[in-house]
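Input: a single structure, listed below in structure tokens.
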Amino acid sequence: EKGGHDYFMLKEIAEQPRAVADTLLGRVGADGRLTLDEMRLSDQQLRDVEKIIIVACGTAYHAGLIAKYAIEHWAQIPCEVELASEFRYRDPILTRSTLVIAISQSGETMDTLMAVRHAREQRANVLGICNVNGSTIPRECDGVLYTHAGPEIAVASTKAFLTQLVAVYLIALYLAQVRGTKWGDEVFAMIQLLATMPEKVEAVLGTVEPVRELARSLAGERCVLFLGRHVGFPVALEGALKLKELAYMHAEGFAAGELKHGPIALIEQDLPVVVIVPPRARPVLHDKIVSNIQEIRARGARTIVIAEEGDETVVPYADTLIRVPAVPTLLQPLVATVPLQVFACELATARGHDVDQPRNLAKSVTVE
Ligand code: M6R
């Protein structure tokens, strides 16, 4: 049942190219346009949206943080992201033109379900992104876009996360398509590129052996930090969450720009710091993070750098360099997250933990 793997998590990591492909299947037309009719929200409803609020927990929340960048860029709709457990305890301003998007692998997370109910009571339209057919959240939403990751058994979310990313890219691009935003050509190009992502994820999986070795060499560490900018920031948060839940290690993700506002004080000799470097196509982001790497290295950090193929600028500052395929910035989380999953899984295994059943955690959290 584990398909020859020692753990479900390893099987699910390996299934990601297929999961991404299945989530795209039937949604990208031969004419290069998207069809998401199954969502049950009409194009007119989508044209009327004035604000989007995304609610989710844990890893699904990280997918939501990445969605914000995609939605605000391509669809040009203001977008907020909130932890579902916080959302209903304030007084969010919701109207009929607010679209709330609830992201949940299981479709049973109580905090997210309560946020959905809270939003619907206030007459907002609610769209679910879920992996489990017929689960509670999609039944209670106005519309639903299913991810097709297949059953995810391991407690730590891997393939569900990648398919949630695909789903939010599809929604952002579809909103742009029906609303005719100024990014028409880019949207068309992105849709084509999305179709190539399964092979890019496959390519990453083919190069993760050094990540495993690195993870084993760090099994005795007490703390690992993760830094990113733009969509690399939620990727950093996701890398840290995986390490906490599987390896029971102190791990934190920071926005690289925040370093000098406090966290840089944590840097000490040999502290492992993972840095996600944006593509060179965005020099403003890229060059800033290269300076951040220099700053932390000068203070003794052991730098583990995730950068696109061909980026030579980072070579002098990387104690370990992990390559990912070159893709546009907004899509980079699809490839940059995979080495972090492998890293956490291997490090936890080296520490003797069962990665499928981490202590104190349940696969779906059905209490608030
Ligand atoms: O089923 P959901 O997507 O609603 O679950 C949300 C979180 O509980 C979940 O992502 C959790 O953070 C994972 N264990 C992370 O790997």
Side-chain angles (χ1 to χ4, degrees), residues 7-13 15-16 19 23 54-67 81-88 100-117 119 126-141 144-168 226 234-249 251-253 333 337-338 340-345 347-348 353-368:
Y7 292 104
F8 281 109
M9 186 176 176
L10 288 168
K11 171 174 176 265
E12 289 161 7
I13 288 173
E15 283 171 348
Q16 292 184 111
T23 303
I54 301 178
V55 291
C57 305
T59 288
Y61 171 70
H62 298 153
L65 291 174
I66 292 164
V81 194
E82 189 153 7
L83 291 166
S85 55
E86 290 293 322
F87 175 75
R88 75 192 195 99
V100 171
I101 303 180
I103 310 178
S104 174
Q105 186 284 129
S106 62
E108 302 295 347
T109 300
M110 190 55 75
D111 286 313
T112 310
L113 176 60
M114 288 303 169
V116 167
R117 289 184 181 159
V126 184
L127 171 66
I129 296 178
C130 293
N131 193 47
V132 179
N133 251 299
S135 55
T136 312
I137 290 172
R139 283 206 312 267
E140 295 208 11
C141 287
V144 58
L145 187 69
Y146 280 108
T147 50
H148 297 302
E152 193 180 63
I153 311 288
V155 165
S157 187
T158 54
K159 61 176 181 169
F161 177 68
L162 256 61
T163 60
Q164 285 162 355
L165 292 180
V166 171
V168 299
F226 295 76
V235 172
L237 295 176
E238 176 61 7
L241 177 60
K242 288 277 118 33
L243 208 55
K244 283 177 200 146
E245 69 176 337
L246 299 172
Y248 319 149
M249 265 168 98
E252 271 197 83
T337 306
V338 177
L340 302 183
Q341 299 167 340
V342 172
F343 180 70
C345 185
L347 206 153
H353 304 319
D354 175 346
V355 291
D356 286 342
Q357 290 293 341
R359 69 184 181 198
N360 309 339
L361 290 171
K363 181 63 182 163
S364 46
V365 184
T366 51
V367 290
E368 276 183 273

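Each ligand, and each atom within it, is numbered from 1 in the order the structure gives.
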(message) Give me the nearest non-hydrogen protein atom to atom 11 (C) of ligand 1 as residue plus atom name, then the distance to 0.1 Å.
(response) T59 N, 4.2 Å
(message) I need the atoms of ligand 1 closer than 4.0 Å to a non-hydrogen atom of G58, numbered in the order shown.
(response) 12 (O)
(message) Are L162 and V338 packed together at the side-chain level, in the sense that at least one heavy-atom pair is separated by less than 4.5 angstrom?
(response) yes
(request) Any pair with a residue in residues 144-159 that passes salt bridge (charged side-chain N to carboxylate O under 4.0 Å, His left out), sequence neighbours left out, goes on the list, sorted by first then second residue, please. (result) E15-K159, E152-K363
(message) For atom 8 (O) of ligand 1, what is the closest protein heavy atom, and at what distance to 0.1 Å?
(response) V365 CG2, 4.2 Å
(request) Among all protein heavy atoms, pick out the one at the shortest distance from atom 5 (O) of ligand 1; state its residue, atom name and that distance to 0.1 Å. (result) T109 OG1, 3.5 Å
(message) I want to know if ligand 1 touches V155 in the polar sense, i.e. an N/O pair below 3.5 angstrom.
(response) yes
(message) I'd like to know if the side chain of K242 reaches the main chain of A247, judged simply by a donor and an acceptor atom lying under 3.5 Å from each other, with no hydrogens or angles considered.
(response) no
(request) Give the residue, atom name and distance (to 0.1 Å) of the protein heavy atom nearest atom 6 (C) of ligand 1. (result) C57 O, 3.4 Å
(request) Would you kindly say whether E238 and T59 are connected by a side-chain donor-acceptor distance under 3.5 Å? (result) yes
(message) Angle between ring planes, H353 versus Y248, binned at 30° and 60°: parallel, tilted or perpendicular?
(response) tilted
(request) Specify side chain, backbone, both or neither for K242, according to which of its non-hydrogen atoms lie closer than 4.0 Å to ligand 1. (result) side chain
(request) Starting from atom 16 (O) of ligand 1, find the nearest protein heavy-atom neighbour and note its residue, name and distance. (result) E245 OE2, 2.3 Å
(request) Check E108 against ligand 1 and report side chain, backbone, both or neither, counting heavy atoms closer than 4.0 Å. (result) neither
(message) Can you confirm, on distance only, whether ligand 1 has an N/O atom lying under 3.5 Å from any N/O atom belonging to T112?
(response) no
(request) Could you list which atoms of ligand 1 come closer than 4.0 Å to a heavy atom of A156? (result) 16 (O)
(message) As an exercise, identify every atom of ligand 1 less than 4.0 angstrom from a heavy atom of S157.
(response) 15 (C), 16 (O)
(request) Below 4.0 angstrom from a heavy atom of Q105, which ligand 1 atoms are there? Numbered from 1 as shown, please. (result) 1 (O), 2 (P), 3 (O), 4 (O)
(request) Return the residue, atom name and 0.1 Å-rounded distance of the protein heavy atom closest to atom 1 (O) of ligand 1. (result) S106 OG, 2.7 Å
(message) List the residues meeting salt bridge (charged side-chain N to carboxylate O under 4.0 Å, His left out) with R139, not counting sequence neighbours, and say none if there are none.
(response) none
(message) If you define the side chain from C-beta out and look only at heavy atoms, does anything of Y7 sit under 4.5 Å from D354?
(response) yes
(request) Using a 4.5 Å cut-off on heavy atoms from C-beta on, say whether the side chain of F161 contacts that of I66. (result) yes
(request) Examine distances only and state if a side-chain atom of S106 and a backbone atom of E108 form a donor-acceptor pair shorter than 3.5 Å. (result) yes
